[in-house]
There are 2 protein chains.
Amino acid sequence: MQEEVTTEQRILEAAEDVFMHEGFAGARMQQIADKAGINKAMLHYYFRSKDKLFELILQYKMRQFLPQITAALRDDSLTFFDKLDRFIMAYLGMLRKNTRLPLFIISAINRNPELMASFNLKVGREIAEMMQQEIKKGHISPVHPQQFVLTLIGMCIFPFLARPIFRSVFELSNDDYDHLIAERHLHVMQYARAILKTARE
Amino acid sequence: MQEEVTTEQRILEAAEDVFMHEGFAGARMQQIADKAGINKAMLHYYFRSKDKLFELILQYKMRQFLPQITAALRDDSLTFFDKLDRFIMAYLGMLRKNTRLPLFIISAINRNPELMASFNLKVGREIAEMMQQEIKKGHISPVHPQQFVLTLIGMCIFPFLARPIFRSVFELSNDDYDHLIAERHLHVMQYARAILKTARE
DNA sequence: GTCTATACGGTGATAGAC
DNA sequence: GTCTATCACCGTATAGAC
């Protein structure tokens with residue numbers, strides 16, 4: 001039960017910050033060392049290389065947000081649409097607290113797709129499987145599950161990727177765009193319903 | 001009327017290739033020089049610095065695809081929904097020929113938002129304005145234009161950003177995923193219609 | 001564990017001969 | 001225009017004293 005924050009922890013926090021802002025190629029070990037208040041030698045003492053450190057941060061960030069998101073889908077007392085709403089709320093809420101996460105993860109995986117091997121992102125498959133059941137029951141229209149999941153996740157994530165572009169296109173201030181994002185869940189929920197309930201109910 | 005390709009052109013093509021694959025921070029001037037069949041000194045002779053060269057490539061790529069896309073919206077003989085369909089077809093068709101473009105541009109603008117200043121991406125605003133007119137006329141339901149445009153563009157772009165992630169999640173081969181993308185326009189058109197025609201017609 | 005010092009290669013960029 | 005040689009600097013990584 002130590003009172004002070006360990007050096008290892010300070011390094012991890014600094015590395016998270018730098019990697020999230022600069023990406024892997026743009027990040028500098030010197031910058032991480034400075035932010036952690038130590039010298040570069042210590043980085044290599046605690047974490048052998050830049051690659052290892054980056055992989056740790058990536059795994060940490062991926063596993064950090066997954067539980068909150070998937071929890072929404074596991075409550076079997078809820079209807080499919082209620083689960084969907086909870087999922088959208090949880091997802092967008094998490095993203096609003098981690099606005100740089102999407103570009104960080106997408107860049108990392110595109111740079112080195114093998115990194116996906118260590119993750120088991122079943123949340124997408126879970127939604128797709130739920131949809132197939134709901135389609136069988138006739139609760140929703142027969143939408144292509146994978147295409148819909150791609151759309152659903154994209155509706156949540158894309159605003160965080162395209163922020164500077166859309167701010168410029170629509171000439172929005174930072175506050176304006178924050179407001180757009182704060183209301184995003186209402187629109188995503190509505191759009192998802194519209195897609196799934198086409199010519200039904 | 002020169003018969004041979006100029007050195008400048010060879011450099012630009014090499015730079016485009018390297019920057020598109022590696023991003024700015026990951027790209028190496030040496031790699032560009034090698035690919036162009038010249039040495040590093042020539043790069044600086046033709047284009048003063050890495051920054052200038054990158055900016056040129058970014059501008060070239062942004063301006064290259066815009067005309068094809070916007071053309072779809074300009075044909076006033078078409079109805080709004082037909083324009084939308086053409087836009088989706090043109091956009092997805094262009095992306096299938098430039099699969100790395102989305103991550104390239106999004107990374108570039110997120111790294112340096114000031115770069116947006118040199119572009120006038122009115123296509124988003126044009127769609128939003130068309131929507132407002134259609135809403136007034138009662139042709140579509142009163143959807144928030146900016147939220148919808150964000151969704152529409154995201155539905156087109158996101159599959160190209162999330163390719164390695166979704167391939168892993170759904171355990172798809174490269175061919176499987178290509179097939180998903182080849183059919184994407186049908187689903188996007190259908191989803192857009194569902195959103196815009198909620199409880200109407 | 002923490003530091004200083006340093007190795008070694010690669011970086012973008014420039015000078016100057018041809 | 002094109003090349004070689006070289007610059008000053010920074011990158012990651014390591015060795016060794018304390």
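Order of the sequence lines fixes the chain letters, A, B, ..., with proteins taken first and strands second; residue numbering starts at 1 for each chain. Only heavy atoms go into these numbers, but all of them, side chains included; no hydrogens, no water, no symmetry mates.
- Helical stems of DNA chain D (runs of at least 3 Watson-Crick or G-U pairs, donor-acceptor distances under 3.5 Å) are listed by first residue: C:1-18 with D:1-18.
- Residues meeting the side-chain contact (heavy atoms from CB on, under 4.5 Å) test with A:Ala15, sequence neighbours left out: A:Phe19, A:Ile32, A:Leu53, A:Ile57.
- Atoms CD1 (A:Ile11) and C1' (C:dG1) sit 11 Å apart, rounded to a whole Å.
- Listed by chain and residue number, B:Arg100 satisfy the side chain to side chain donor-acceptor pair (under 3.5 Å) test with B:His21 (two or more places apart in sequence, or in another chain).
- For A:Glu22, there are no side chain to side chain donor-acceptor pair (under 3.5 Å) partners, not counting sequence neighbours.
- Partners of A:Tyr60 according to the side-chain contact (heavy atoms from CB on, under 4.5 Å) rule, which considers only residues two or more places apart in sequence or in another chain, are A:Glu16, A:Gln64.
- In this view, A:Asp34 and A:Gln30 satisfy the side-chain contact (heavy atoms from CB on, under 4.5 Å) rule, not counting sequence neighbours.
- Contact between the side-chain N/O atoms of A:Thr7 and the OP1/OP2 oxygens of C:dT2 is found at a separation under 4.0 Å.
- By the side-chain contact (heavy atoms from CB on, under 4.5 Å) test, B:Arg48 is found to be paired with B:Lys52, residues two or more places apart in sequence or in another chain being considered.
- Annotation: proximity of residues 26-51 of chain A to DNA chain C (heavy atom, distance under 4.0 Å) is found for A:Asn39, A:Ala41, A:Met42, A:Tyr45, A:Tyr46, numbered in ascending order.
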Solution key, residues 80-92 of chain A side-chain donor-acceptor pairs under 3.5 Å, sequence neighbours excluded:
from	atom 1	to	atom 2	distance (Å)
A:Asp82	OD2	A:Thr79	OG1	3.3
A:Asp85	OD1	A:Arg193	NH1	3.1
A:Asp85	OD2	A:Arg193	NH1	3.1

Each nucleotide N or O in nucleotides 16-18 of chain D that has a protein N or O under 3.5 Å away: list the pair and distance.
none

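- Side chain to side chain, B:Ser173 and B:Asp176 meet the donor-acceptor criterion of an N or O pair below 3.5 Å.
- Contacts of B:Phe148 classified as ring-ring contact (aromatic ring centres under 6.0 Å, His included), with partners at least two apart in sequence or in another chain: none.
- Under the ring-ring contact (aromatic ring centres under 6.0 Å, His included) criterion, A:Phe104 pairs with A:Phe54, sequence neighbours left out.
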